[in-house]
K.L.:
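Dropping a structure here in structure tokens format, bear with me for questions.
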Amino acid sequence: MSNASTAVAVAGNLPDLGDKVAIITGGATGIGRAGALKFAAAGARVAIADLTDSSPVVQEIAAAGLPESRAYTVDVGDPTQVEKLIADVESDFGRIDVLYANAGIHHWGDATETGLDDWAASLAVNLSGVFYLAKYGIPALHRVGGGVIITTASEYGLLGARRSVGYCATKAGIINLTRALAVDHAGQNIRANCIVPGPIATERGLALFQEDPGLAEAQDRLILLGRNGDPSEIASVAAFLASEQSSFMTGSVLRVDGGATSWYSV
């Protein structure tokens with residue numbers, strides 16, 4: 001499928017995001033890329049932020065004739081860079097309506113195996129990165145009369161998982177951080193909701209299966225729907241949360257996991 005047709009393929013059954021400007025972190029690949037394509041197809045202008053080059057996603061969006069998008073190189077674990085991202089996007093687009101905190105990393109290891117640098121990196125990117133986007137982005141939402149915060153947690157934030165101590169801890173933190181944001185900022189017409197993906201067929205997800213072949217067998221057995229999710233299926237939920245279709249939702253935690261966390265698997 002060509003780049004243009006990939007972007008067009010996400011256009012069906014979309015909420016209306018016209019006139020909205022959305023920042024998506026971790027937007028170069030996987031769930032973030034799918035979200036950028038979906039948001040653009042729904043009419044949003046998208047600021048795609050990633051540590052790696054997200055200009056290919058911008059090119060996909062442009063080739064499909066969709067609204068303007070721009071690429072920004074940002075380490076979300078650095079508060080100075082996140083603060084600059086907010087200022088740059090507000091300057092480039094004139095407003096910010098949606099903060100989609102999606103960037104994340106995964107390091108293998110239990111508490112004894114995990115290096116201090118890996119632990120610090122997990123905290124910085126997965127948890128502090130969400131906090132920084134909220135800290136510096138909420139004033140921008142307030143300036144336009146309100147907006148939406150969307151966060152990406154993980155099934156690992158609801159359940160323990162082997163040799164993923166940093167990922168489990170930080171993804172659990174995102175869930176309650178999102179609730180706290182919802183409580184604090186409802187009076188500013190700002191809604192905050194959290195997506196909890198299950199096993200999704202992203203490049204990173206497939207790489208995890210290669211690193212631990214036992215995961216593939218376990219996922220096939222545990223997912224009630226019998227397959228991994230597609231990134232576009234997460235993007236559909238994110239677009240819904242960004243839109244007025246979810247206007248009575250805040251502080252919600254939405255599991256999009258094929259039923260993986262709904263049973264004991266016995």
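All values below come from the heavy atoms of this structure, side chains included, with hydrogens, waters and symmetry mates left out. Predicted, not measured: the structure shown is a model, and the values here were computed from it. In this chain, residues are counted from 1 in sequence order.
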K.L.:
Using a strict threshold of under 4.0 Å (side-chain N to carboxylate O), is an ion pair present between Lys135 and Glu83?
P.N.:
no
K.L.:
Please check if any side-chain donor atom of Tyr72 sits under 3.5 Å from a side-chain acceptor atom of Asp92, or the reverse.
P.N.:
yes
K.L.:
Can you confirm whether Ile234 sits close enough to Ile195 that some side-chain heavy atom of one is under 4.5 Å from a side-chain heavy atom of the other?
P.N.:
yes
K.L.:
Under 4.5 Å between side-chain heavy atoms, hopping through other hydrophobics if needed: is there a path connecting Leu158 to Leu254?
P.N.:
no
K.L.:
Determine the interplanar angle of the Tyr136 and Tyr132 rings, folded into 0 to 90°, and report it as parallel if under 30°, tilted if 30 to 60°, perpendicular if over 60°.
P.N.:
tilted
K.L.:
Under a 4.5 Å cut-off applied to non-hydrogen side-chain atoms, are Asp16 and Ser243 in contact?
P.N.:
no
K.L.:
Go through Ile138 and Ile149 one step at a time and tell me if the side chain to side chain contact (heavy atoms under 4.5 Å, CB included) criterion holds.
P.N.:
CA-CA 9 Å; Ile138 284 172; Ile149 301 169; 3.8 Å; yes
K.L.:
Distance check, rounded to the nearest 0.5 Å: Leu181 atom CG versus Thr151 atom OG1?
P.N.:
8.0 Å
K.L.:
Testing Tyr156, Trp119, Trp108 one by one against Tyr167 for a ring-ring contact (aromatic ring centres under 6.0 Å, His included), which residue passes?
P.N.:
Tyr156
K.L.:
If you look at every heavy atom in Pro231 and Gly30, which pair is closest and at what distance?
P.N.:
CB-O, 3.9 Å
K.L.:
Could you tell me whether the side chain of Ser55 and the main chain of Ala71 form a donor-acceptor pair under 3.5 Å?
P.N.:
no
K.L.:
Do the side chain of Asp75 and the main chain of Leu51 share a donor and acceptor less than 3.5 angstrom apart?
P.N.:
no
K.L.:
So how far is it from Asp257 CG to Leu225 CG, rounded to the nearest 0.5 Å?
P.N.:
8.5 Å
K.L.:
Between Ala153 and Pro197, what is the shortest heavy-atom contact and its length?
P.N.:
O-CD, 3.5 Å
K.L.:
Output the distance between atom CD1 (Ile175) and atom OG (Ser252), rounded to the nearest 0.5 Å.
P.N.:
12.5 Å
K.L.:
What's the shortest heavy-atom distance between Pro67 and Ala40, and which atoms?
P.N.:
CD-O, 3.2 Å
K.L.:
So, Lys38 and Ser232: side-chain donor and acceptor under 3.5 Å apart, yes or no?
P.N.:
no
K.L.:
Any chance you could measure Leu141, atom CG, to His185, atom NE2, to the nearest 0.5 Å?
P.N.:
9.5 Å
K.L.:
Any heavy-atom pair between the side chains of Leu37 and Arg33 that's under 4.5 Å?
P.N.:
yes
K.L.:
Between Gln81 (side chain only) and Asp78 (backbone N and O only), is there a donor and an acceptor less than 3.5 Å apart?
P.N.:
no
K.L.:
When you compare the side chain of Asn193 with that of Ile150, does any pair of heavy atoms fall below 4.5 Å?
P.N.:
no
K.L.:
Would you say that Pro79 contacts Phe131 through its side chain, given a criterion of any heavy-atom pair below 4.5 Å between the two side chains?
P.N.:
no
K.L.:
Linking I/L/V/M/F/W/Y whenever their side-chain heavy atoms sit closer than 4.5 Å, directly or via other members, would Ile31 and Val256 fall into one cluster?
P.N.:
yes
K.L.:
If you take all heavy atoms of Ala242 and Lys20, which pair is closest and at what distance?
P.N.:
O-CE, 3.7 Å
K.L.:
What's the spacing between Cys194 SG and Arg255 CZ if we round to 0.5 Å?
P.N.:
12.0 Å
K.L.:
For the residue pair Thr261 and Val196, establish whether any side-chain heavy-atom pair is separated by less than 4.5 Å.
P.N.:
no
K.L.:
Any side-chain donor-acceptor pair under 3.5 Å between Thr170 and Ser122?
P.N.:
no
K.L.:
Check whether any side-chain heavy atom of Tyr100 sits under 4.5 Å from a side-chain heavy atom of Ile23, and report yes or no.
P.N.:
no
K.L.:
Do the side chains of Ile61 and Ile48 get nearer than 4.5 Å, heavy atoms only?
P.N.:
yes
K.L.:
So, Thr114 and His107: side-chain donor and acceptor under 3.5 Å apart, yes or no?
P.N.:
no
K.L.:
Using a cut-off of 6.0 Å, state whether more than 12 heavy atoms not belonging to Asp19 lie near its atom CG.
P.N.:
no
K.L.:
Using every non-hydrogen atom in the two residues, find where Ser154 and Lys171 come nearest and quote the distance to one decimal.
P.N.:
CB-CG, 3.8 Å
K.L.:
So, Asn102 side chain and Gly27 main chain: donor-acceptor pair closer than 3.5 Å or not?
P.N.:
no
K.L.:
Could you walk me through whether Asn228 and Ile223 satisfy the side chain to side chain contact (heavy atoms under 4.5 Å, CB included) test, starting with their C-alpha distance in whole Å, then the side-chain angles of each, then the deciding distance to 0.1 Å, before giving a yes or no?
P.N.:
CA-CA 8 Å; Asn228 289 337; Ile223 304 169; 3.5 Å; yes
K.L.:
Could you check Glu113 against Arg163 for side chain to side chain contact (heavy atoms under 4.5 Å, CB included), going step by step and ending with a plain yes or no?
P.N.:
CA-CA 8 Å; Glu113 298 169 327; Arg163 302 189 62 249; 3.0 Å; yes
K.L.:
Rounded to the nearest 0.5 Å, what separates atom CG in Leu17 from atom CZ in Arg45?
P.N.:
12.5 Å
K.L.:
Is Leu85 reachable from Ile105 through a run of I, L, V, M, F, W or Y residues, each pair having side-chain heavy atoms under 4.5 Å apart?
P.N.:
yes
K.L.:
Run the side chain to side chain contact (heavy atoms under 4.5 Å, CB included) check on Val148 and Asp97 step by step: do they pass?
P.N.:
CA-CA 6 Å; Val148 175; Asp97 302 277; over 6 Å; no
K.L.:
Given 3.5 Å as the limit, does a donor-acceptor pair link the side chain of Ser247 with the main chain of Glu244, or not?
P.N.:
yes
K.L.:
What are the two closest non-hydrogen atoms of Thr250 and Ala192, and how far apart are they?
P.N.:
OG1-N, 2.9 Å
K.L.:
Quick one: do the Arg191 and Ser246 side chains pair a donor with an acceptor below 3.5 Å?
P.N.:
yes
